[in-house]
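Hydrogens, waters and symmetry mates play no part in the numbers below; they use all other heavy atoms, side chains included.
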Amino acid sequence: MTPRPLLRPLTGEDAPALVTLNDAAHPAVPITTADEMRALLELAGLALGLERDGALVGFVIAMHPGAAYASENYRWFEQRGTGHVYVDRIVVAESERGRGLGPVLYDAVFAEARRLGHPEVTCEVNLDPPNPGSLAFHSRLGFVQVGTQATKGGSVVVALLAAPVPA
């Protein structure tokens, strides 16, 4: 039996490995340079990686309210005025999917929201280009659609999702 990966904080030194994982998941997440990834990590309220045998196999990057983050989707949630932890991206390596690692990452996000006293976790999932697997995954975790938005000059349409933080 393969041991569970180690959940650990991410640092700027992880940027090259994160870019490899991230870009392999495109178009579900945007292509990101190492410098952009480092900048994202600096803004993040929560940045965790899953490491197996010394290699990153998954990660989550989330923002707290009030971050100086220019993302259209993050700003949409900020304008709602509801306390939330926003998942900017969550990626699990293709070879690791179906092993329960996504919920491990989300458990950490929900724990962070609970610790901060925020009532929900928010994120977006592509509707166009479609990402039905991610929509189904988020639905299983209790996320519901609270809006839609065209982004990137109209080239992408997303479902804006929120899930209540369990007590």
Report summary line: In short, salt bridge (Lys or Arg N to Asp or Glu O under 4.0 Å) pairs touching residues 116-134 with sequence neighbours left out are Arg80-Glu120

**Report entry** Minimum-distance pair of heavy atoms, taken over all atoms of Ile90 and Gly102
**Finding:** CD1-O, 4.0 Å

Requested in this report: Any chance you could measure Ile61, atom CD1, to Leu10, atom CG, to the nearest 0.5 Å?
Outcome: 6.5 Å

Requested in this report: Starting at CG of Leu160, measure out to CG of Leu127 and round the result to the nearest 0.5 Å.
Outcome: 8.5 Å

Report task. Would you list the pairs meeting salt bridge (Lys or Arg N to Asp or Glu O under 4.0 Å) in which at least one residue belongs to residues 18-41, sequence neighbours left out? Result -> Asp35-Arg38

**Report entry** Close side-chain approach of Asn126 to Val157, heavy-atom, < 4.5 Å
**Finding:** no

Query raised in the report: Which ring pair (Phe, Tyr, Trp, His ring centres under 6.0 Å) pairs, counting each pair once, include a residue from residues 35-73, with sequence neighbours left out?
Result: Tyr69-Tyr74

**Report entry** Donor-acceptor pair, side chain of Arg114 and main chain of Pro166, under 3.5 angstrom
**Finding:** yes

Query - Test side chain to side chain contact (heavy atoms under 4.5 Å, CB included) applied to Cys123 and Tyr106, step by step - result: CA-CA 11 Å; Cys123 68; Tyr106 262 113; 3.8 Å; yes

Query raised in the report: Tell me, which pairs form a salt bridge (Lys or Arg N to Asp or Glu O under 4.0 Å) where one or both residues lie in residues 158-167, sequence neighbours left out?
Result: none

Query raised in the report: Can you tell me if Glu78 uses its side chain to pair, donor with acceptor, with the backbone of Gly66 under 3.5 Å?
Result: yes

Report task. With the side chain counted from C-beta on, respond yes when Leu105 and Leu7 share a heavy-atom pair under 4.5 Å apart, and no when they do not. Result -> yes

N/O donor to acceptor pairs below 3.5 angstrom from side-chain atoms of residues 140-151, sequence neighbours left out:
| unit_1 | atom_1 | unit_2 | atom_2 | d |
| --- | --- | --- | --- | --- |
| Gln149 | NE2 | Glu72 | O | 3.3 |
| Gln149 | NE2 | Asn73 | OD1 | 2.8 |

Query raised in the report: Going only through I, L, V, M, F, W and Y residues with side-chain contacts under 4.5 Å, is there a path from Val158 to Val85?
Result: no

Query - Side-chain touch Phe137/Pro103, heavy atoms, less than 4.5 angstrom - result: yes

**Report entry** Beyond-backbone contact of Val165 with Pro119, side-chain heavy atoms, under 4.5 angstrom
**Finding:** no

**Report entry** Parallel, tilted or perpendicular, as decided by the 30° and 60° cut-offs, for the rings of Tyr86 and His84
**Finding:** perpendicular

Report task. Provide the closest heavy-atom pair for Ala34 versus Ala15 in the form atom of the first, atom of the second, distance. Result -> O-CB, 3.7 Å

Requested in this report: Would you name the heavy atoms of Gly45 and Glu112 that are closest together and state the gap between them?
Outcome: O-OE2, 3.9 Å

Requested in this report: Look up atom CG in Leu43 and atom CG in Leu41, then write down how far apart they are to the nearest 0.5 Å.
Outcome: 9.0 Å

Query - Leu50-Val109 co-clustered via ILVMFWY side chain contacts under 4.5 Å - result: yes

Query raised in the report: What about Leu18 and Val104, same hydrophobic cluster or not, with Ile/Leu/Val/Met/Phe/Trp/Tyr joined at side-chain heavy-atom distances under 4.5 Å?
Result: no

Requested in this report: Taking all heavy atoms of Ser155 and all of Pro129, pick out the closest pair and write down the distance.
Outcome: O-CD, 4.4 Å

Query raised in the report: Side chains of Asp14 and Leu56: does their closest heavy-atom pair fall under 4.5 Å?
Result: yes

Query raised in the report: Mind checking whether Leu161 and Val125 have side chains closer than 4.5 Å, heavy atoms only?
Result: yes

Report task. Return the set of residues passing side chain to side chain donor-acceptor pair (under 3.5 Å) with Arg89 (not counting sequence neighbours), or none when no residue passes. Result -> Asn22, Thr32

Requested in this report: Please name the pair of heavy atoms, one in Ala113 and one in Val121, separated by the smallest distance, quoted to 0.1 Å.
Outcome: CB-CG2, 3.9 Å

**Report entry** Single-linkage hydrophobic cluster, 4.5 Å side-chain cutoff, Phe110 and Phe77 together
**Finding:** no

Query raised in the report: If you take all heavy atoms of Leu46 and Ala108, which pair is closest and at what distance?
Result: CD2-O, 3.9 Å

Query raised in the report: Are the side chains of Val57 and Val92 in touch, meaning some heavy atoms are under 4.5 Å apart?
Result: no

Query raised in the report: Would Val91 end up clustered with Met37 when hydrophobic side chains under 4.5 Å apart are linked, directly or stepwise?
Result: yes

Query - Flag side-chain contact, heavy atom, 4.5 Å: Val19 against Thr33 - result: no

